[in-house]
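The next block holds one structure in the form of structure tokens; read it before the comments.
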Amino acid sequence: MTDIAKPVRVRFAPSPTGKLHIGGARTAIYNWAYARATGGTFVLRIEDTDPERSTDENTQIILRALSWLGLDWDEGPEVGGEYGPYFQMQRMDTYAAALERLKERDAAYPCFCTKEELDAKRAKAEKEEGGYAGYDRTCRCLSHEEAQARIDAGEPHVWRIKVPLDRGAIEFDDAVYGHVSFPSDVMDDMILVRTDGSPTYNFAVVCDDANMAITHVIRGDDHLSNTPRQILIYEALGYETPTFGHLSMILGADGKKLSKRHGATNVEEYRDRGYLADALVNFLALLGWSLDGETTIISRDVLTSQFGLDRITKKDAIFDETKLNWMNGVYIREMDAPTWVEASKKWIADACVQGANVEDGVVVVPTPEQGADPLPPAITPEDEGYAEAFAAALADIEEDPSFYEKLYPLVIERLARLDDIPAKLAFLFWGPNVQLDEKSVSKVLLKEGARADEALRACRNELAREDLPWEAEALQEACRALCEPMEMKPKFMFQPLRVAICGNQVSPPLFESIELMEPEDVLARIDGVLETVFKA
RNA sequence: GGCUCCGUCGUCUAGCGGUUUAGGACGCCGCCCUCUCAAGGCGGAGGUCGAGGGUUCGAAUCCCUUCGGAGCUACCA
């Protein structure tokens, strides 16, 4: 059943009719991981035979997405290989040759039935006979002479496979589903070559997989029903069939097939929303496959050495973003400071730009009831001037990342996604201004009996001391020392300070944040709050 | 309609006839830690294994039926 001797050759064959979908990404990961785990070859082939929907742009997007995921292919676009070309449109001669081979073997025949005739027959059968059983083989009965004469006369025709009449049930052992059997009487003489001479999907796939010596066809479950058809084509061609392995579908949260309705469905969107490739690969690998049922964090090394077809589930899986968010956080926390800055620079730059544009002094921000974004951006990518400011900030980060590495301990344990960064760090760049979250003002600063103004004044005095080292621990000790004499719990001392400086009752560690800011800015913010909120 | 496949906590899964009072992870709840939020530690709730029949001393695990879901049924891929 399994060829131990034959080196594994697997392929991922997307059609560039769209971007790289989450489901496609998982298929690619499984093929890639299987190739790596077995020491085999991972082939990438672009199935661009649908001229209506295929675009070069989509091809580029798919290649870029695969590269971003870190799924390197051994043969395919950009890297070449001895079984090329790897674009179906460039393999037309091979399909023509395959058709010749079929003719020689008397395994295919021309069909002159028009699309209209077929549609009519199908409609009639569905209405009157309770179901269409497939093409009725009208043209299969034509003599060779008559068929040839009509071809010579220029009559339009397609080429159909001549399914052996005595072919029994079509059975195969799927690497995932196990033994599968299809009755042969439901297999009609499907079209292999269209009127315009182009190959149909099933024909092209078989030709390519055979010609590229693919040993294991690992693909989506939506092809399970195509497999018996393709087996028939392999047999007609006289080629050995590969091992098939079908992957269950990935569904949206509502249990329906994943689509745009469910939000992000292509991998570039995940990259742009601050997900890490390692996390996405890990998560997707586990959507339908398990290492041992216990392990959830699986490194690439483990994946590419331990992955196997035997632990793939048959059950459809629902794509649950909350678990991906957790896993992404795990991977973010594994990064060291320089790596984090490098991976996060575009979001850090965004935080800088947003922060730098708060210039109105103390502002009380109206908070939506849900308390959504605590810090609405003062400037968005759509606004004028954003692009220039962003580019400048990015250049600054790249030129000297050392300052930005200091932001790392502030947020590294608080990020589920990299795009959470602007909301968490923009306040550091507000200069002397502070944008106050209304809810925080009412719950902390104006809370009954909180003595927030007292706390602010006391802390301000401490922070203004010339002899105080501007360093987190010293700052904290100075403010903490105020608690006892004032008979105030640290929480009541620090929370008002946090709101006054960070604008929100939730923020990164307070004194570590203050340390990174200019002393005069910090004092200015406190003064601003005292004046505005407490009308002092 | 026909053909094929699937069905274990809300979600991802382990389980392959007895070691299972069905294990782990996410999420949720509580406690601890604590300057907030996280992170971390500890604990908890949550599954009559889609349902109904068998087989067996014993079934989530084997058989049958049934219900639900998905895919295919194109000169799309």
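Per chain, numbering begins at 1; letters A, B, ... match sequence-line order.
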Any base atoms under 4.0 Å from [X], or only sugar-phosphate, or nothing? Heavy atoms, all strands.
| X | result |
| --- | --- |
| A:E512 | base |
| A:E52 | nothing |
| A:P228 | nothing |
| A:L510 | base |
| A:G288 | sugar-phosphate |
| A:R53 | base |
| A:L287 | sugar-phosphate |
| A:K115 | base |
| A:T49 | sugar-phosphate |
| A:N226 | base |
| A:H246 | nothing |
| A:S181 | sugar-phosphate |
| A:C113 | base |
| A:T195 | base |

Check the distance between [N]'s [atom2] and [X]'s [atom1] and give it to me in whole angstrom.
| X | N | atom1 | atom2 | result |
| --- | --- | --- | --- | --- |
| A:H223 | B:A70 | NE2 | C1' | 15 Å |
| A:L280 | B:C12 | CG | C1' | 15 Å |
| A:I231 | B:C72 | CD1 | C1' | 15 Å |
| A:N504 | B:A38 | CG | P | 12 Å |
| A:D189 | B:A74 | CG | C1' | 16 Å |

Selected nucleotide, minimal atom distance to [X] side chain, candidates [options]:
| X | options | result |
| --- | --- | --- |
| A:E413 | B:A38, B:U4, B:C37 | B:A38 |
| A:D316 | B:A25, B:C5, B:A70 | B:A70 |
| A:Q495 | B:C3, B:C35, B:C37 | B:C35 |
| A:E294 | B:G24, B:U13, B:U36 | B:G24 |
| A:L118 | B:A77, B:C35, B:C75 | B:C75 |

Base-pairing assignment for [N] (Watson-Crick or G-U wobble, both under 3.5 Å):
| N | answer |
| --- | --- |
| B:G1 | B:U73 |
| B:G30 | B:C42 |
| B:G58 | none |
| B:U66 | B:G50 |

Using the [atom1] atoms only, state how far [M] lies from [N], rounded to an integer number of Å.
| N | M | atom1 | result |
| --- | --- | --- | --- |
| B:C12 | B:G52 | P | 23 Å |
| B:C42 | B:G47 | C1' | 24 Å |
| B:U66 | B:U19 | P | 32 Å |
| B:U65 | B:C29 | P | 45 Å |

Item to check | Least distance between heavy atoms, A:E155 atom then A:F112 atom | outcome: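 Taking A:E155 first and A:F112 second, the nearest heavy atoms are OE2-CB, 3.4 Å.
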
Item to check | Contact summary for A:P508 and A:F427, nearest pair of heavy atoms | outcome: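 Residues A:P508 and A:F427, closest heavy atoms: CD-CE2, 3.6 Å.
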
Next on the checklist: Could you tell me if A:R45 sits above the aromatic ring of A:F87, with its cationic atom closer than 6.0 Å to the ring centre and no more than 45 degrees from the axis?
Outcome noted: no

Which atom pairs, one a donor and one an acceptor, fall under 3.5 Å between side chains of residues 416-423 of chain A and the rest of the protein, sequence neighbours left out?
| from | atom 1 | to | atom 2 | distance (Å) |
| --- | --- | --- | --- | --- |
| A:R417 | NE | A:Y275 | OH | 3.2 |
| A:R417 | NH1 | A:D419 | OD1 | 3.2 |
| A:R417 | NH1 | A:D419 | OD2 | 2.8 |
| A:D420 | OD2 | A:A416 | N | 3.3 |
| A:D420 | OD2 | A:R417 | N | 3.2 |

Item to check | Any donor-acceptor N/O pair under 3.5 Å between B:C37 base and A:S507 side chain | outcome: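 In this structure, the two groups form no donor-acceptor pair.
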
Item to check | base_contact_polar (B:A25 base, A:K323 side chain, donor-acceptor, <3.5 Å) | outcome: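 Such a pair exists between side chain and base.
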
Checklist entry - Is any side-chain N or O of A:K315 closer than 4.0 Å to OP1 or OP2 of B:U8? => result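 It does, given that an N or O in the side chain of A:K315 lies less than 4.0 Å from OP1 or OP2 of B:U8.
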
Checklist entry - Looking at A:N211, A:T200, A:D208, which hits side chain to side chain donor-acceptor pair (under 3.5 Å) with A:Y95? => result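 With A:Y95 as partner, A:N211, A:T200, A:D208 yield a single side chain to side chain donor-acceptor pair (under 3.5 Å), made by A:D208.
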
Next on the checklist: Salt bridge check, A:R91 against A:E47: does any charged N sit closer than 4.0 Å to a carboxylate O?
Outcome noted: no

Checklist entry - Taking only residues two or more places apart in sequence, or in another chain, which ones meet A:F494 in a ring-ring contact (aromatic ring centres under 6.0 Å, His included)? => result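 Partners of A:F494 under the ring-ring contact (aromatic ring centres under 6.0 Å, His included) test: A:F511.
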
